[in-house]
2 protein chains.
Amino acid sequence: MKPTLQTVADQVGVSRSTVSNAYSRPDQLSPELREKIFDAARELGYSGPNPTARSLRRGRAGAIGVLFTTALSSAFTDPYAVQFLRGLAEIAEDNRTGLLLVPLRDDDDGALEAVRNAAVDGFVVYCVPGWYQAMEAAWARGLPVVNSDRSGALYVGIDEVAASRAAGEHLMRLGHRRVAIIADYISPDRGTGEVIIKAPEELGSYVSRERLTGYRDAFAAAGLDWSHVTTISAAGNSREHGAAAAAYALDRAPRPTAVVATTDLLALGVLDALATRELRPGRDVSVIGFDDIPDAAQAHMTTVRQPALDRGRIAGRLLLDPPDDPARRRIVLPTELVVRASTGPAPTGSV
Amino acid sequence: MKPTLQTVADQVGVSRSTVSNAYSRPDQLSPELREKIFDAARELGYSGPNPTARSLRRGRAGAIGVLFTTALSSAFTDPYAVQFLRGLAEIAEDNRTGLLLVPLRDDDDGALEAVRNAAVDGFVVYCVPGWYQAMEAAWARGLPVVNSDRSGALYVGIDEVAASRAAGEHLMRLGHRRVAIIADYISPDRGTGEVIIKAPEELGSYVSRERLTGYRDAFAAAGLDWSHVTTISAAGNSREHGAAAAAYALDRAPRPTAVVATTDLLALGVLDALATRELRPGRDVSVIGFDDIPDAAQAHMTTVRQPALDRGRIAGRLLLDPPDDPARRRIVLPTELVVRASTGPAPTGSV
DNA sequence: TTGAAAGCGATACCAG
DNA sequence: CTGGTATCGCTTTCAA
């Protein structure tokens with residue numbers, strides 16, 4: 001039989017409240033008594049108040065639910081994602097709160113069940129889109145949710161369209177007119193290869209949708225029609241998938257003078273593909289990524305910097321104590337185009 | 001006021017038990033009544049039984065605690081670690097169980113508090129050593145713990161010493177006698193640079209201790225004394241730290257003919273360092289890693305393969321239903337030396 | 001099938 | 001500073 005508060009109280013000869021106070025409100029009793037209680041607890045093998053019972057009574061679960069798709073590997077392999085999680089974990093720690101990973105597998109029912117069953121004080125949505133059901137379930141719990149697409153919700157993010165538009169403008173300014181774009185989650189079959197995207201706005205994946213839209217706008221402003229831009233689907237967000245997708249852009253004639261990707265990981269893969277073909281980044285082919293992960297700097301890659309760590313931190317703060325002022329519930333962080341050596345003027349005679 | 005089971009029961013005009021059954025034991029009532037109850041719930045905005053209350057009553061938290069040090073980034077950046085977590089998550093999912101990340105920061109008290117407060121059914125220890133206090137706290141909870149060093153505990157791992165001894169023997173067989181070893185957590189100041197390790201057995205870090213010991217044994221058997229082996233501390237388990245540490249081995253005369261590392265990530269850094277210096281892996285300098293992460297194969301790197309995914313899966317199973325038979329509570333998985341192009345005969349005239 | 005009653009283990013208010 | 005009392009929201013026999 002596991003010892004409880006009562007067990008200890010009986011042993012010491014005090015009431016439950018006093019034992020509870022010994023653990024939760026040290027100022028409510030004498031140090032001597034407190035020590036005596038702890039001694040008894042140790043002797044009985046009592047390791048402190050039961051967290052579940054405490055949560056029930058206090059009305060606080062003491063954990064943040066992190067919703068992500070079962071592609072756990074990709075979620076944690078992406079340095080951007082890791083930074084986001086770090087920021088979140090930092091705030092969680094400061095608030096004595098844990099992080100409960102809620103894996104969403106492909107089977108709908110199980111996923112919904114998991115969301116409904118999670119003992120948490122709120123959710124951070126951190127997964128590829130298409131999980132509206134899971135997000136709905138999170139909402140239905142009546143708990144705060146950060147980054148569901150729902151209006152009025154808590155949100156922290158960046159102006160994706162403006163950020164990628166800036167990158168597109170940079171490219172246009174350099175004179176590039178034969179451009180390929182690599183993105184994930186833009187093909188129905190999730191495979192690698194060229195796909196026709198009539199209108200980026202209609203894409204299901206939030207990130208790809210917004211970033212492609214930004215590029216489209218920048219190109220349009222420079223007179224480059226979207227239909228002349230090659231869009232290539234990557235099977236996932238990884239360096240390898242980026243390289244594989246890049247092949248569809250590089251091994252064709254005429255070769256694009258610029259290949260941009262919606263994430264740094266993909267763009268690093270493009271650089272790998274260039275290296276394989278002995279093409280020079282920024283000279284033969286310009287490359288732009290997105291995120292500015294550490295490897296991007298090391299690869300001298302032009303990219304859009306977004307504050308991943310801050311995003312995680314702010315997500316945590318929004319969740320743990322949501323501002324009353326609706327205006328402060330939706331936070332848009334600044335981004336910055338970081339120009340490095342992977343972009344340069346379009347090769348002459350290339351148009 | 002948030003709706004509860006009672007609210008719904010009152011609305012429908014049945015008892016709490018019936019509503020509870022509607023959610024947890026569908027076979028206990030008529031489908032019509034069940035639907036009626038769900039309708040009422042929806043109308044009232046009741047999203048199902050409160051997870052915390054349910055946990056308290058059922059005596060099951062529905063989550064596994066994962067103990068790891070706050071170097072969250074390194075925990076998730078290491079592909080080996082990610083694989084382990086995937087395996088764990090897989091089993092957790094199958095058992096409708098969540099994963100609660102319990103970050104252990106450097107401040108002791110907060111960490112212990114976090115362990116004591118985690119609403120979980122057991123712990124998986126997944127952190128660098130030196131956290132005996134936290135592990136003790138986990139034990140004190142009276143819950144199952146996988147991979148605490150405690151004897152009699154649940155354990156899943158590999159024979160680290162034998163595995164690295166095999167790698168060392170491979171090196172000896174190839175004739176290498178000038179060897180450098182790179183490892184993390186072997187220097188008191190956690191910096192990068194050469195350190196003198198009199199006896200590997202005395203190292204604090206479990207992994208580094210065991211793996212260095214295995215190498216030491218293999219070298220000794222071939223007549224190479226440990227005092228002639230250069231040991232270099234890496235400031236962390238990453239490619240970059242590996243490359244930085246490798247500099248201490250490569251930029252000296254006479255240069256070692258082989259540089260081995262305790263993890264693939266570090267060893268990949270060594271390969272990077274070789275590339276920078278235009279040295280050929282397996283010809284000028286042999287390199288061996290440990291783990292066999294995907295990048296290792298891609299880099300044609302000799303390494304020790306360990307089943308990361310299985311390790312995670314088995315950890316999960318051990319925790320979720322611990323075998324009665326003590327012998328089945330400690331599981332040692334097989335490893336395999338994978339010889340690739342990064343190792344070759346010691347350059348002639350090198351001795 | 002359905003419902004009444006008894007906790008699960010702890011906390012908080014409020015007298016004493 | 002201490003202790004009684006009333007929950008927190010749900011599950012689970014056991015009768016009806």
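The sequence lines fix the lettering, A, B, ..., with proteins before strands; numbering per chain opens at 1.
Rotation axes derived from the C1' atoms of the five outermost pairs at either end of the helix from dT1(C)-dA16(D) to dG16(C)-dC1(D) lie 30° apart, to the nearest 10°.
With contacts defined as side-chain heavy-atom distances shorter than 4.5 Å, the pair Asp121(A)/Leu319(A) does not qualify. Arg58(B) places a side-chain heavy atom less than 4.5 Å from the side chain of Ser24(B). Annotation: side chain of Val12(A) is not in contact with side chain of Val19(A) (no heavy-atom distance under 4.5 Å).
Between the side chain of Ser17(B) and the base of dA4(C), at least one donor-acceptor pair of N or O atoms lies under 3.5 Å.
Using a 4.0 Å heavy-atom criterion, one finds that Ser30(B) contacts the sugar-phosphate atoms exclusively. Here Leu56(B) lies in heavy-atom contact (under 4.0 Å) with a base. Residue contacts for Ser55(A): at a heavy-atom cut-off of 4.0 Å it reaches no nucleic acid atom on any strand shown. In this structure, Tyr46(A) reaches the sugar-phosphate backbone alone: every heavy-atom distance under 4.0 Å involves primed, P, OP1 or OP2 atoms, never a base.
Distances shorter than 4.0 Å separate none of the side-chain N or O atoms of Arg16(A) from OP1 or OP2 on dA10(C). Contact annotation: Ser15(B) does not reach the phosphate of dA4(C) (side-chain N/O to OP1 or OP2, under 4.0 Å). When the side-chain nitrogen and oxygen atoms of Thr18(B) are compared with OP1 and OP2 of dG3(C), one or more of them lie within a distance under 4.0 Å.
In summary, the side chains of Thr52(A) and Ser55(A) do not present any donor paired with an acceptor at a separation below 3.5 Å, with no hydrogens or angles considered.
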Handout entry: Arg313(B)/Asp310(B) under side-chain contact (heavy atoms from CB on, under 4.5 Å): CA gap, chis, key distance, verdict
Key = CA-CA 5 Å; Arg313(B) 287 192 187 120; Asp310(B) 281 341; 2.9 Å; yes
Practice task
Please step through side chain to side chain donor-acceptor pair (under 3.5 Å) for the pair Thr97(B) and Arg60(B), ending with a clear verdict.
Solution key: CA-CA 10 Å; Thr97(B) 297; Arg60(B) 180 174 174 282; 2.8 Å; yes
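Atom pair Arg25(B):CZ and dT2(C):P shows a separation of 14 Å (rounding to whole Å applied).
Of the candidate nucleotides dG7(C), dT2(C), dT11(C), dG7(C) has the atom nearest to the side chain of Arg57(B).
Take the nearest nucleotide of DNA chain C for Arg58(B) and for Asp27(B): the residue whose nucleotide is more 5' is Asp27(B).
With hydrogens and angles disregarded, no donor-acceptor distance shorter than 3.5 Å links the side chain of Asn147(A) to the backbone of Val125(A). Looking only at distances, no side-chain donor or acceptor of Arg16(A) sits under 3.5 Å from a matching main-chain atom of Gln6(A).
The nucleotide range of DNA chain D contacted by chain A, defined by atoms under 4.0 angstrom from heavy atoms of the protein and reported 5' to 3', is dC1(D) to dG9(D).
Residues Leu154(B) and Pro322(B) come closest through the heavy atom pair CD2-CB, 4.2 Å.
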